[in-house]
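Below: one structure, written as structure tokens.
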Amino acid sequence: MIDLKKLRDAPDEFKASAARRDPDLVSRLDTILELDRQRRAVLREVEALKASRNKASFEVAQRKKAGDDASDLLAELKTASAKIKDHDQRLHDIEQELTHQQLRIPNPPLASVPTGDASANQEIRTWGEPRTFSFEPKPHWDIGQSLGILDLAGGAKVAGKGFPVYVGLGSKLVRGLINFMLDLHTTEHGYVEVWPPALINEASARGTGQLPDLANDMYVTEDGLFLTPTAEVPVTNLHRDDTLAIGQLPLGYAAYTPCFRREAGAHGKETRGITRVHQFDKVELVCFCTPESSGEELERLLGHAEMVLQRLELPYRVLALATGELGFASAKTYDLEAWAAGMNTWLEVSSASVFTDFQARRANIRYRPKAGAKPDFVHTLNASGLALPRTIIALLENNQMEDGTVRIPEALVPYLGVERLTPNAR
RNA sequence: GGAGAGGUGUCCGAGUGGUUGAAGGAGCCGGUCUCGAAAACCGGUGGGCUCUUACGGGUCUCGAGGGUUCGAAUCCCUCCCUCUCCGCCA
């Protein structure tokens, strides 16, 4: 949720920032400003009416207590009350429209975010060297099939396209990666591990910004719950309506959840293999912190996600996303892209974002800067650490050998119990 | 799913139509005392919106949303959540 006071106090500055995302936002912000003016005008009227009503009501109480007659006042109050009801209705209508509009304005980008579409993304750094092959590296769907660890047809049979099945060491690889990542983040990076629900309610989806506009990206159940698209939603909303103590911050959680995405309209792109699927597994890092520290927290989160790739010995690059590429709630995002030798491309395996106070406003997550001080909104951040399918793609494609086996990086060996994936091994 | 009990401020806990934003206690903040601390004592202490340069004022808020009433924490309706018992079930 945008900060209405900020918009009101410095409208031009606010609009200029929003326009870097989308020039159409300017007129929508003007609409909001007008609604805000109306709201405050009606509010002043209705509050004046209520003030005089309260005064008269008090007088009635006094007279009744004293045994005096108050029928003249009561008659007066009856009409005043009707008038108030009328004004309240108008106020309610305006506020409803205002909220409707406000909920649909994305977070303005931070100044350091480059303006433009994907072509304006900035490469921050790279790590590792894409390996050179003495043979033609295969794509992961071929490797997965010949090793017998990936059953796409089976998944399509039991659920549908985009629901992969991992078999044997493939399944163990999924399980091992989840454990490896959670262990790394909890023991070395200091995160508190949580295991949240995979289904979320409407209020949670609104809190992190999936609703109202991104409803079509989620699966809905019959009783109005959504299958979570990312652990960010349940974990961030864990503290919805909370006021955190300053001593709790920064507060970091690491959570595994399956993630569900309808990917409506994405068909035809990246349809082979497991690059884009409807259900996948992900370990997510979520952080609550003070507004002053969110800049450095973003860098820390990014570093923690990078560490996963480094331990897995996967070459990657870090991109600072341009304004046109930012997610709805994000003020700044880094993407982490791992190299996939078989597909001969970079694949997004993680995304680290700072949401400033945008989600905190929606979800009403505050903190008290010091005992006795007024509460203020926290800043929230998250980073994938990491999403599994594309990590698996990179592992299979980069570490494949000419004989068809796949080398397992050292960090994962304890989790898999083997140093190499071989055909039909169990 | 059925029956019952209940949701009050940071926490515990009073309060069944009119100076109740809400007793009392704890906590927290400030002060007195002390070399310092503890204890004791005194004072202060919710949040949102809004008006005001400011001091300060107004309004809303007792799970959520509606309703009755001149007036609702208190009465009525709907929903949500927690607890107990029963049923069902991994």
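No hydrogens, no waters, no symmetry mates; every other heavy atom, side chains included, goes into these values. Sequence lines set the chain letters: A, B, ... in the order given, protein chains first and strands last, and positions in each chain run from 1.
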Practice task
Go through the steps to decide whether A:E313 and A:R407 satisfy the test salt bridge (charged side-chain N to carboxylate O under 4.0 Å, His left out), and finish with yes or no.
Solution key: CA-CA 11 Å; A:E313 304 165 32; A:R407 183 183 69 84; 3.1 Å; yes

Problem - Criterion salt bridge (charged side-chain N to carboxylate O under 4.0 Å, His left out) on A:E59 and A:K55, from CA distance to verdict - result: CA-CA 6 Å; A:E59 174 70 19; A:K55 217 174 260 176; over 6 Å; no

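- Nucleotides B:C60 and B:A73 place their C1' atoms 14 Å apart, quoted to the nearest Å.
- For A:L77 and B:U69, the CG to P distance is 14 Å, given to the nearest whole Å.
- Judged by Watson-Crick or G-U wobble contacts below 3.5 Å, the nucleotide B:U20 has no partner.
- Between B:C85 and B:U10, the two P atoms lie 31 Å apart (nearest whole Å).
- Looking only at side-chain heavy atoms (C-beta outward), A:V406 and A:I143 come within less than 4.5 Å of each other.
- The CG-P distance, from A:L244 to B:U10, rounds to 13 Å in whole Å.
- A salt bridge does not link A:K50 with A:E47: none of the charged nitrogens is closer than 4.0 Å to a carboxylate oxygen.
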Check nucleotides 16-18 of chain B against the protein and report each pair of N or O atoms closer than 3.5 Å, with its distance, or say if there are none.
{"from": "B:G18", "atom 1": "O6", "to": "A:K64", "atom 2": "NZ", "distance (Å)": "3.4"}
{"from": "B:G18", "atom 1": "N2", "to": "A:S57", "atom 2": "O", "distance (Å)": "3.4"}

Handout entry: Nucleic acid footprint by protein, nucleotides 46-59 of chain B - heavy-atom cut-off 4.0 Å, B for base, S for sugar-phosphate alone
Key = -SSSSS------BS

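- Atom pair A:R240:CZ and B:G63:C1' shows a separation of 13 Å (rounding to whole Å applied).
- When the P atom is used for both B:G31 and B:G25, the distance is 22 Å, rounded to whole Å.
- Base pairing annotation: B:U53 forms no Watson-Crick or G-U wobble pair, as no partner gives both donor-acceptor distances under 3.5 Å.
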Fill in the blank from the handout: In B/S/- notation (B base, S sugar-phosphate only, - none; protein heavy atoms under 4.0 Å), nucleotides 75-81 of chain B written 5' to 3' is -------

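- If you take CZ of A:R63 and P of B:G71, they are 17 Å apart, rounded to a whole angstrom.
- Across every strand in view, B:U68 sits unpaired, with no contact that passes the Watson-Crick or G-U test at under 3.5 angstrom.
- With salt bridges taken as basic N to acidic carboxylate O contacts below 4.0 Å, none links A:E296 and A:R300.
- Residues A:D9 and A:K5 are not paired through a salt bridge, judged by the lack of any N-O separation under 4.0 Å between the basic side chain and the carboxylate.
- When only modelled atom types and interatomic distance are considered, A:S112 and A:K332 share a side-chain donor-acceptor pair under 3.5 Å.
- Using a 3.5 Å distance cut-off with no hydrogens or angles, the side chains of A:Y253 and A:E193 do not pair a donor with an acceptor.
- Here, B:C86 and B:C70 have their C1' atoms 48 Å apart, quoted to the whole Å.
- Only the C1' atoms considered, B:C51 is 40 Å distant from B:C41, to the nearest whole Å.
- Considering all non-hydrogen atoms of both residues, A:D117 and A:A322 come closest at O-CB, 3.4 Å.
- How far CG of A:D213 is from CG of A:L103: 9.0 Å, rounded to the nearest 0.5 Å.
- Across every non-hydrogen atom of A:V174 and A:L388, the tightest pair is O-CD1, 3.5 Å.
- Straight-line distance from the CD atom of A:Q96 to the P atom of B:G65: 12 Å, rounded to whole Å.
- Test A:Y367, A:F377, A:F288 against A:H239 for ring pair (Phe, Tyr, Trp, His ring centres under 6.0 Å) and you get one pass: A:F288.
- Across all strands shown, B:G4 forms a Watson-Crick or G-U wobble pair, both distances under 3.5 Å, with B:C83.
- Pairing partner, B:C89: none, since no Watson-Crick or wobble contact has both distances short of 3.5 Å.
- Between A:T236 and A:I365, the shortest heavy-atom distance links the atoms O-CD1, 3.6 Å.
- Searching all strands for a Watson-Crick or G-U wobble partner of B:C28 with both distances below 3.5 Å returns B:G44.
- Rounded to the nearest Å, the gap between the C1' atom of B:C12 and that of B:U8 is 11 Å.
- Separating the C1' atom of B:C11 from that of B:G27 is a span of 7 Å, rounded to the nearest Å.
- Rounded to the nearest Å, the gap between the C1' atom of B:U74 and that of B:A23 is 16 Å.
- Straight-line distance from the CG atom of A:D242 to the P atom of B:G63: 18 Å, rounded to whole Å.
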